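Just below is one structure, and these are the notes that go with it.
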2 protein chains.
Amino acid sequence: MFSVKKILQRPKYFNNRTYQLQGWVVSNRGNKKVRFISINDGSTIKSLQVVFKDQSFDFELLDKLKNGSGIVVEGILKETPQAQQPIELEATKIIKYSVADEDYPIQNQEIKLETLRELPHLRHRTNLLRAIMLVRSTLAHEVHRYFMQRDFYYMNSPIITSNDGEGAGETFNVNDGDKEPFFGKDKKATLGVTGQLHGESAALGLQKIYTFAPTFRAEKSNTKRHLAEFWMIEPEVAFYDLYDDIALADDLLKVVIRNTLFKNKDEIQYLNDNLDNSLINRIEEFLNTPLKIVEYNDAIDQLAQVKHLFENQDIKFGLDLATEHEKYLTEVIYKAPIAVVNFPKDFKAFYMKQNDDGKTVASFDLLVPGVGELVGGSQRENDINKLTTRINELGINKEDLQWYLDLRRFGNVGSAGFGIGFERLVMYITGVENIRDVIPYPRTSGNIRM
Amino acid sequence: MFSVKKILQRPKYFNNRTYQLQGWVVSNRGNKKVRFISINDGSTIKSLQVVFKDQSFDFELLDKLKNGSGIVVEGILKETPQAQQPIELEATKIIKYSVADEDYPIQNQEIKLETLRELPHLRHRTNLLRAIMLVRSTLAHEVHRYFMQRDFYYMNSPIITSNDGEGAGETFNVNDGDKEPFFGKDKKATLGVTGQLHGESAALGLQKIYTFAPTFRAEKSNTKRHLAEFWMIEPEVAFYDLYDDIALADDLLKVVIRNTLFKNKDEIQYLNDNLDNSLINRIEEFLNTPLKIVEYNDAIDQLAQVKHLFENQDIKFGLDLATEHEKYLTEVIYKAPIAVVNFPKDFKAFYMKQNDDGKTVASFDLLVPGVGELVGGSQRENDINKLTTRINELGINKEDLQWYLDLRRFGNVGSAGFGIGFERLVMYITGVENIRDVIPYPRTSGNIRM
């Protein structure tokens, strides 16, 4: 059966056809002789208007089919070249219906995002959330399609792991409430903060892999950009160096964003009109501007010259760029998406490849105008001695990582990869400011609604 | 750059081309004047043989490039119509290499699956596990592609939830180790056993959705078919009834299996030859045999006539079919894949639609020859009174499910969906008998390796 999305794309083709529409009422007006009921079927934010004018209809029932009611209605599609919508349905028969209770909370489209956050099980029945969620879905599909077409192996790193990835702490513990621990005595069992380390094992043998799965951080920071549970896209490619890695990130972003923009034109237009009127411009600018590669050292030099502009003015080698610096670099100084490369090793993860200068690692952050960092990645250290030394320096438990070190002993010619926080990417192409609005059921400190 | 898989598909096209091969040594033989090194690049289980005969090569080094070593080598592709492999690479230059340590544990292909299970970070470097993992990845991609092409919305149900889904207990608890619970006092926080309930909320408004994500069971049963962490495919479609639902399951299985068989022909042939020589026959039989729909009552009648064949002989209304019964039904009685429908409500979940007989629910199990159950699904109860009564009967906490009950008040004309354990499906089309061998890092009671 065709969706409303498909019908609105080719009204001429569907003109005069019999059609069975299934969906939910978003508006209902008229009188006792003719009723106009707009129905959304979930395939697009646009609705299809159904006209009831046959007097054999029960007009009292039609009056009761208020917002939120479900309906299956049969009729004939009719082109309406004069109207705002190119086509409508002239109803001949109601097949099924379910009248929504009167306290249905979505009576209009003017409800604030904050209020809708209290209704995660219903909020996607507004235009705004529907648009966001449709874009989210398309974007996820495009990510899978991108890797599929390029013969990447889709790898499932474990969620429950004895390994805490970045060594950054802030992990959730898992147990089954028994005295005897489920996974064995003296065994850590935490929720994974990254799929990368296990992903590296797969890349060593399958060459091109990616993970796309939930990851977890038990951070109590309650900001607009942090979730305790979020989805990550993490490719890892054997034989890649830092610059191959950056090229992959740039290409991935541009391809999936371009395709999503094309497939969800109506939704992104709606978000542009209702949420952030610089959205489409910003996306198109991003798509049309080649990425620049900027040495961390050069970025610091540039920022130091205008340090009076920033809250954090201590701008010198060793600074971990904050969003204010990132945005200034990409928006004002370079006027383009940029990959800042070769960061000081001190604030980067233990597994990144150490450069010959002894001070920096072969890492990159990809920054875009409007939001700052979208991607972070690196070439991995494949020298087992350097890696061991770094693990010892940082006081990370080496025993847990023996298997990871072993990957360096068996034909590892190097690999590189990166991580994209999926929700941050959805925010970027929807213009949504609060990360709680781009995931169906957000989890944050103190919030586990439903 | 082309993969070995692509080159082997069209040797004529690649003949005489310069090519840079990246991969890992799987065999190395020859003498001090000519070396034959087979290299696998991860794109297929087949390897490409590289011939080193130019005397300027360092033959002592070539001798050291034993199994597992990584190499990037340049050369000219040459068709070899007489040989087993249609094409080989005549090496001109070694670009990079990394010699594997001598204790590399995968020296040959005769290692048992049990032994390989102790090496999850390396085992995909055998033909057997490489074949399984490539099939797993293709199958996952095909599942996403199936739904994508049919405009299903890919929905991410929460992993950490205050809701235990089936009400079956056996959930993992999540905490961050603080005295103050991360998600709030008196709040349950468990790992989801299903994405369905949240998925239903999305279907009510987006109409066609699916989840494909990890789910969790803290079951201590240590069988060949159970994992504590496994991936589930769960579509949910508003307006669907039981029979729409079954048709979707049947079509999904047939399309994704057919496509995977086509895309991983070499891998499935290898699995057929080395693991289960009835594999390809069984799959093709499944693809070519239409699904039959069988009433639970009829299935019981049939089984009762041959009850002496079974371990559990108490065959009457109320029996929860065991694998022995399922296999007999599909393999012997109906000789086809079957959907058994309308099970007794007593052993089925609270949310299934109650039939008019007061005893059964609108549910189905899809059974296939060789393994038994592959899919379980149902139409959902959308009568809020019947649903509430059932929740009370079963002693499930109604407060936790208020939001789920609310979905019945706001335009719910019914929906249906099903669940497929993804690892079970991978087992089915690889012929693997132990579920631990079809997921990269299996988690079971007492096992959280790496």
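A, B, ... follow the sequence lines: proteins, then strands. Residue 1 opens every chain. Predicted model, so just to flag it, every value in this text is computed and none were measured.
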Query raised in the report: Is it the side chain or the backbone of Asp103(B) that comes within 4.5 Å of chain A heavy atoms, both, or neither?
Result: both
Query raised in the report: If we only count heavy atoms from C-beta on, is the Leu407(A) to Leu122(B) side-chain gap below 4.5 Å?
Result: yes
Report summary line: Scored by heavy-atom pairs under 4.5 Å with chain A, the best of Asp176(B), Asp41(B), Ile448(B) is Ile448(B)
Query raised in the report: For Val174(B), is it the side chain, the backbone, both or neither that has a heavy atom under 4.5 Å from a heavy atom of chain A?
Result: both
Query raised in the report: Under the 3.5 angstrom rule, does the side chain of Ser98(B) hit a backbone N or O of Val413(A) as a donor-acceptor pair?
Result: no
Report summary line: Contacts satisfying salt bridge (Lys or Arg N to Asp or Glu O under 4.0 Å) that involve residues 440-450 of chain B (not counting sequence neighbours) are Glu118(B)-Arg449(B)
Query raised in the report: Does any heavy atom of chain A fall under 4.5 Å from the side chain of Met155(B), the backbone, both, or neither of them?
Result: side chain
**Report entry** Residue pair Ser201(B) / Tyr441(A), side-chain donor-acceptor N/O under 3.5 Å
**Finding:** yes
Report summary line: Pair count under 4.5 Å, heavy atoms only, with chain A: among Glu219(B), Lys5(B), Arg145(B), highest is Glu219(B)
Requested in this report: Drop me the distance from Ile159(B)'s CD1 to Leu191(A)'s CG, to the nearest 0.5 angstrom.
Outcome: 9.5 Å
Report task. Select one option (side chain, backbone, both, neither) describing which atoms of Trp24(B) are under 4.5 Å from chain A's heavy atoms. Result -> side chain
Report summary line: For Gln22(A) and Gln207(B), the nearest pair of non-hydrogen atoms, with its separation, is NE2-OE1, 2.8 Å
Query raised in the report: Non-hydrogen atoms of chain A under 4.5 Å away: do they reach the side chain of Arg125(B), the backbone, both or neither?
Result: side chain
Report task. Side chain from CB out, backbone as N, CA, C, O: work out which of these in Ile106(B) comes under 4.5 Å of a heavy atom of chain A, or both, or neither. Result -> neither
Report summary line: In terms of heavy-atom pairs under 4.5 Å with chain A, the winner among Asn173(B), Asn40(B), Val72(B), Thr444(B) is Asn173(B)
Query raised in the report: Can you name the residues that form a side chain to side chain donor-acceptor pair (under 3.5 Å) with Glu200(B), not counting sequence neighbours?
Result: Gln196(B), Tyr404(B), Arg408(B)
Query - Side chain / backbone / both / neither for Gln149(B) at chain A, heavy atoms under 4.5 Å - result: neither
Query raised in the report: Taking Arg130(B) for the side chain and Gly205(A) for the main chain, is one N or O donor matched with an acceptor at less than 3.5 Å?
Result: yes
Requested in this report: Count the heavy-atom pairs under 4.5 Å between each of His141(A), Arg123(A), Lys220(A) and chain B, then report the option with the highest count.
Outcome: His141(A)
Report task. Output the option from Ser157(A), Pro181(A), Ala202(A), Ser43(A) having the highest count of non-hydrogen pairs under 4.5 Å with chain B. Result -> Ala202(A)
Query - Side chain / backbone / both / neither for Tyr210(B) at chain A, heavy atoms under 4.5 Å - result: side chain
Query raised in the report: Looking at OG of Ser69(A) and CG of Asn412(B), how far apart are the two atoms once the value is rounded to the nearest 0.5 Å?
Result: 11.5 Å
Query raised in the report: If you round to the nearest 0.5 Å, how far is CD of Glu142(A) from CE of Met148(B)?
Result: 7.0 Å
Query - Which portion of Asp178(A) sits near chain B, non-hydrogen atoms under 4.5 angstrom - result: side chain
Query raised in the report: Which word best sums up how the rings of His144(A) and His144(B) line up, parallel for under 30°, tilted for 30 to 60°, or perpendicular for over 60°?
Result: parallel
Query - Residue Pro214(B) versus chain A: region with a heavy atom under 4.5 Å - result: side chain
Requested in this report: Determine, stepwise, if the pair Phe183(B) / Phe172(A) fulfils ring-ring contact (aromatic ring centres under 6.0 Å, His included).
Outcome: CA-CA 11 Å; Phe183(B) 292 107; Phe172(A) 285 108; 5.7 Å; yes
Report summary line: chain A shares the most heavy-atom pairs under 4.5 Å, among Pro440(B), Gly177(B), Ala238(B), with Pro440(B)
Report summary line: Under 4.5 Å to a heavy atom of chain A? For Asp151(B) that would be side chain
Report summary line: Comparing Phe147(A), Tyr104(A), Phe182(A) against chain B, the one with the most heavy-atom pairs below 4.5 Å turns out to be Phe182(A)
Requested in this report: Give the member of Asn447(B), Asn382(B), Ile160(B) that has the highest number of heavy-atom pairs under 4.5 Å with chain A.
Outcome: Ile160(B)
Query raised in the report: Hey, which of Arg150(B), Met133(B), Lys208(B), Lys96(B) has the most heavy atom pairs under 4.5 Å with chain A?
Result: Met133(B)
Query raised in the report: Looking at CG of Asp101(B) and CG of Asp406(A), how far apart are the two atoms once the value is rounded to the nearest 0.5 Å?
Result: 8.5 Å
Query raised in the report: Do Thr161(B) and Met450(A) come close enough that some side-chain heavy atom pair is under 4.5 Å?
Result: no
Query raised in the report: For the candidates Trp231(A), Tyr97(A), Phe212(A), which exhibits the highest count of non-hydrogen atom pairs separated by less than 4.5 Å from chain B?
Result: Trp231(A)
Report task. Please say which of Glu229(A), Arg136(A), Glu423(A) ends up in a side-chain hydrogen bond (donor to acceptor under 3.5 Å, both in side chains) with Asn156(B). Result -> Arg136(A)
Report summary line: dist Ile71(B):CD1 -> Phe239(A):CZ (nearest 0.5 Å) comes out at 9.0 Å
Query - Any side-chain donor near an acceptor of the partner, Thr138(A) and Tyr153(B), under 3.5 Å - result: no
**Report entry** Partner chain B: residue of Ala189(A), Gly23(A), Ser3(A) with the largest heavy-atom pair count (under 4.5 Å)
**Finding:** Gly23(A)
Report summary line: dist Tyr154(B):OH -> Ser137(A):OG (nearest 0.5 Å) comes out at 9.0 Å
Query raised in the report: What residue, out of Ala140(A), Gly70(A), Gly184(A), Pro158(A), has the most heavy-atom pairs lying under 4.5 Å from chain B?
Result: Pro158(A)
Report task. Counting only heavy atoms closer than 4.5 Å, note whether Lys187(B) contacts chain A via side chain, backbone, both or neither. Result -> side chain
Query raised in the report: In terms of heavy-atom proximity below 4.5 Å to chain B, should Lys6(A) be classed as side chain, backbone, both, or neither?
Result: side chain
